[in-house]
Amino acid sequence: MHIILPINQPTNHLKQNMARRKNRKTNVKRSYGQSFVPKEGENDKEGYEDIYDYALTEADQFPENMLKYWRQRKQLFTLFDGTSANGQLPLLDQESWYSITPEPIAARIAERCRCSTILDAFCGVGGNAIQFALTCENVIAIDIDPIKLQMAKHNAKVYGVEQYITFLQGDWRDFVNAWMRERDTNALETDKQSDDAKWQKCQKLNFDVVFLSPPWGGVSYRSLHPETPQKQQVISAIPATPTIDTEKDENFYPLSALAPSGGKDLFQQASQLTPNVCMFVPRTIDLNELASLVGQHSQIAVEEQWLRGRCKALSCYFGELAEWKEDQVNSE
Ligand code: MGP
Ligand code: SAH
């Protein structure tokens with residue numbers, strides 16, 4: 001097992017980058033997108049409540065310990081600056097305010113995950129899915145919470161990419177099971193457990209990349225298991241790489257604490273679909289535990305995701321994604 005911690009490049013000029021990706025994306029979509037565009041009305045059948053009732057849109061709606069996320073809102077979605085083409089602002093519910101991947105980080109991950117068909121298994125309000133829509137031909141975005149999914153659709157509209165994302169409401173584990181049934185029976189018959197045409201269509205897809213950004217356990221995820229404080233280790237093949245804060249004692253975040261059923265299960269489920277997996281995990285994750293997910297000769301690439309001088313989280317790349325080189329982007 002080999003973990004590398006490549007240094008993150010400074011965040012590129014985002015708007016320029018987005019324009020470049022969007023141009024490329026639009027070209028790709030013209031030839032591939034049609035079959036994935038939901039039919040008129042297909043998304044509306046669930047009868048969602050008004051998502052504005054669940055959205056936190058003013059500072060005074062935030063509990064004290066969450067105000068920092070409101071202050072950082074333009075890092076989370078840059079279109080909080082009000083320049084969206086449709087004039088609307090993004091919407092986030094309480095859990096999403098602290099769970100969303102900040103846009104520059106999501107853009108970075110999307111660049112590395114550039115591929116034909118990607119599955120975002122825990123899409124939330126779309127922080128990652130929207131960026132994947134700029135680098136991937138087809139984005140399948142699942143979330144168990146219909147309200148978040150509805151917000152994700154709204155946010156994708158704010159970003160003008162909704163036609164590139166197929167949103168599925170349900171449990172990711174059910175999706176994997178359905179996908180495997182489909183694979184194992186090579187089914188010409190449809191999945192008996194689902195009457196949803198979109199699910200049935202997506203079960204037949206081959207996924208190039210699966211992205212996992214599961215719940216970590218809330219805003220106080222860093223104080224899980226406080227009874228066993230340990231010092232975070234540095235595991236780095238590049239000594240000059242900035243690393244997780246080693247000065248102060250921090251608890252390891254246990255892989256088993258990732259919802260819904262622990263990091264090991266999650267990884268194994270995703271590996272059924274493709275070896276190319278990206279997991280977005282706490283910066284305090286136990287890297288030795290992470291390493292135990294793969295065999296001795298496999299490589300994992302771990303990127304520290306820095307924003308404005310702070311390491312926010314780690315993205316861990318498996319399969320071909322671990323071998324990705326920076327100049328694959330620069331040479332385009
Ligand atoms: P944080 O540690 O809560 O905030 O989350 P921050 O700003 O680093 O706090 P500070 O006081 O140390 O500066 C950092 C990032 O982790 C967030 O921006 C999210 O992208 C991600 N994140 C946090 N949580 C609790 C979750 C989660 O439950 N699930 C997922 N997928 N991402 C999360
Ligand atoms: N990456 C997202 C944030 C994901 S937060 C973004 O940037 O916007 C984790 C999400 O996992 C939450 O939205 C939660 O509703 C969803 N979730 C929790 N359990 C799930 C399950 N079993 N299947 C699918 N989604 C689930």
Side-chain angles (χ1 to χ4, degrees), residues 54 64-77 90-110 113 118-133 139-156 158-159 165 167-178 199 210-224 244-245 248 250-251 253 257-263 265-266 269-270 278-285 304-316:
Y54 297 87
E64 188 62 31
N65 67 341
M66 283 189 57
L67 268 173
K68 65 178 176 183
Y69 303 109
W70 170 252
R71 293 194 196 102
Q72 295 167 13
R73 62 192 177 283
K74 289 182 191 168
Q75 293 176 36
L76 304 182
F77 275 131
L91 293 176
L92 295 83
D93 69 345
Q94 180 150 336
E95 182 184 357
S96 302
W97 273 103
Y98 61 75
S99 305
I100 187 175
T101 307
E103 188 168 304
I105 296 177
R108 161 89 185 170
I109 293 170
C113 292
I118 190 163
L119 176 65
D120 181 353
F122 301 88
C123 77
V125 294
N128 295 101
I130 288 168
Q131 296 304 315
F132 290 141
V139 183
I140 313 302
I142 302 179
D143 203 280
I144 202 164
D145 180 346
I147 301 297
K148 290 187 183 62
L149 210 60
Q150 197 67 349
M151 288 183 181
K153 289 175 197 168
H154 166 93
N155 295 337
V158 170
Y159 276 78
I165 307 174
F167 294 99
L168 300 179
Q169 193 257 313
D171 190 318
W172 134 263
R173 293 166 295 182
D174 292 341
F175 183 83
V176 174
N177 289 336
W199 269 73
V210 171
F211 176 71
L212 304 168
S213 169
W216 300 351
V219 276
S220 43
Y221 69 92
R222 274 177 286 160
S223 51
L224 284 174
I244 302 158
D245 186 356
K248 62 177 184 212
E250 282 203 299
N251 296 329
Y253 179 93
L258 292 175
S261 51
D265 274 7
L266 258 183
Q269 287 151 4
C278 174
M279 278 175 94
F280 189 68
V281 296
R283 56 189 180 252
T284 49
I285 195 110
E304 294 176 337
Q305 296 296 353
W306 288 72
L307 194 59
R308 304 215 167 170
R310 298 184 69 87
C311 179
K312 293 278 172 184
L314 304 181
S315 44
C316 309

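Whatever order the structure lists ligands and atoms in, that order sets their numbers, starting from 1. Note that the structure is a prediction, hence the values are computed from the model and not measured.
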Side-chain contact test, heavy atoms from C-beta onward, threshold under 4.5 Å: evaluate it for [X] versus [Y] and give yes or no.
| X | Y | answer |
| --- | --- | --- |
| Met279 | Ile285 | no |
| Arg222 | Pro282 | no |
| Met151 | Tyr54 | yes |
| Gln72 | Pro102 | no |
| Asn128 | Phe280 | no |
| Arg108 | Gln131 | no |
| Val210 | Leu212 | yes |
| Ser99 | Val125 | no |

List every atom of ligand 2 that sits less than 4.0 Å from any heavy atom of [X], numbering the atoms from 1 in the order shown and giving each element.
| X | answer |
| --- | --- |
| Asp171 | 21 (C), 22 (N), 23 (N) |
| Asn128 | 1 (N), 2 (C), 6 (C), 7 (O) |
| Gly124 | 13 (O) |
| Gly126 | 8 (O) |
| Pro215 | 9 (C), 11 (O), 18 (C) |
| Ser99 | 3 (C), 5 (S) |
| Trp172 | 21 (C), 23 (N), 24 (C) |
| Gly127 | 6 (C), 7 (O), 8 (O) |

Can you tell me the protein heavy atom closest to [atom] and the distance?
| atom | value |
| --- | --- |
| atom 31 (N) of ligand 1 | Ser213 OG, 2.8 Å |
| atom 13 (O) of ligand 1 | Arg310 NE, 2.9 Å |
| atom 19 (N) of ligand 2 | Ile144 CG2, 3.9 Å |
| atom 14 (C) of ligand 1 | Lys312 O, 3.5 Å |
| atom 8 (O) of ligand 1 | Arg283 NH1, 3.0 Å |
| atom 32 (N) of ligand 1 | Ser99 O, 3.2 Å |

Out of [options], who is nearest to [atom] when you count heavy atoms only?
| atom | options | answer |
| --- | --- | --- |
| atom 16 (O) of ligand 1 | Trp97, Tyr98, Trp216, Phe122 | Trp216 |
| atom 14 (C) of ligand 2 | Asp143, Asp145, Leu266 | Asp143 |
| atom 7 (O) of ligand 2 | Thr101, Ile109, Leu76 | Thr101 |
| atom 9 (C) of ligand 2 | Pro260, Pro90, Ser213, Ala259 | Ser213 |
| atom 2 (C) of ligand 2 | Cys123, Ala152, Pro214 | Cys123 |
| atom 17 (N) of ligand 2 | Phe122, Trp97, Trp216, Phe211 | Phe122 |

Straight-line distance of [X] [atom1] to [Y] [atom2], nearest 0.5 Å:
| X | Y | atom1 | atom2 | answer |
| --- | --- | --- | --- | --- |
| Leu266 | Arg173 | CG | CZ | 8.5 Å |
| Tyr159 | His154 | OH | NE2 | 10.5 Å |
| Leu119 | Phe132 | CG | CZ | 9.5 Å |

Say whether, by atom type as modelled, one donor and one acceptor occur between the side chain of [X] and the main chain of [Y] under 3.5 angstrom.
| X | Y | value |
| --- | --- | --- |
| Glu304 | Leu314 | no |
| Arg310 | Leu307 | no |
| Asn155 | Leu91 | yes |
| Trp97 | Leu92 | yes |
| Asp143 | Leu149 | no |

Per-atom contacts, ligand 1 versus [X] - under 4.0 Å to a heavy atom:
| X | value |
| --- | --- |
| Gln72 | 7 (O) |
| Tyr221 | 1 (P), 2 (O), 3 (O), 5 (O), 25 (C) |
| Thr101 | 20 (O) |
| Tyr69 | 1 (P), 3 (O), 4 (O) |
| Pro102 | 18 (O), 20 (O) |
| Lys68 | 4 (O), 9 (O), 10 (P), 11 (O) |

Please verify whether a non-hydrogen atom of Gly218 lies at under 4.0 Å from ligand 1. yes
Would you call Glu95 a ligand 1 contact, heavy-atom distance under 4.0 Å? no
So, 4.0 Å and heavy atoms of Gly170: is ligand 2 close enough to count as a contact? yes
Do Trp216 and Tyr221 have ring centres separated by under 6.0 Å? yes
Within reach of ligand 1, part of [X] (heavy-atom separation under 4.0 Å):
| X | value |
| --- | --- |
| Pro282 | neither |
| Phe280 | side chain |
| Pro215 | backbone |
| Ile100 | backbone |

Parallel, tilted or perpendicular, judged at 30° and 60°: which one describes the rings of Phe122 and Trp172? tilted
Under 4.0 Å, heavy atoms only, figure out whether ligand 2 is touched by the backbone of Ala129, its side chain, both or neither. neither
If we only count N/O pairs under 3.5 Å, is Pro214 in contact with ligand 1? yes
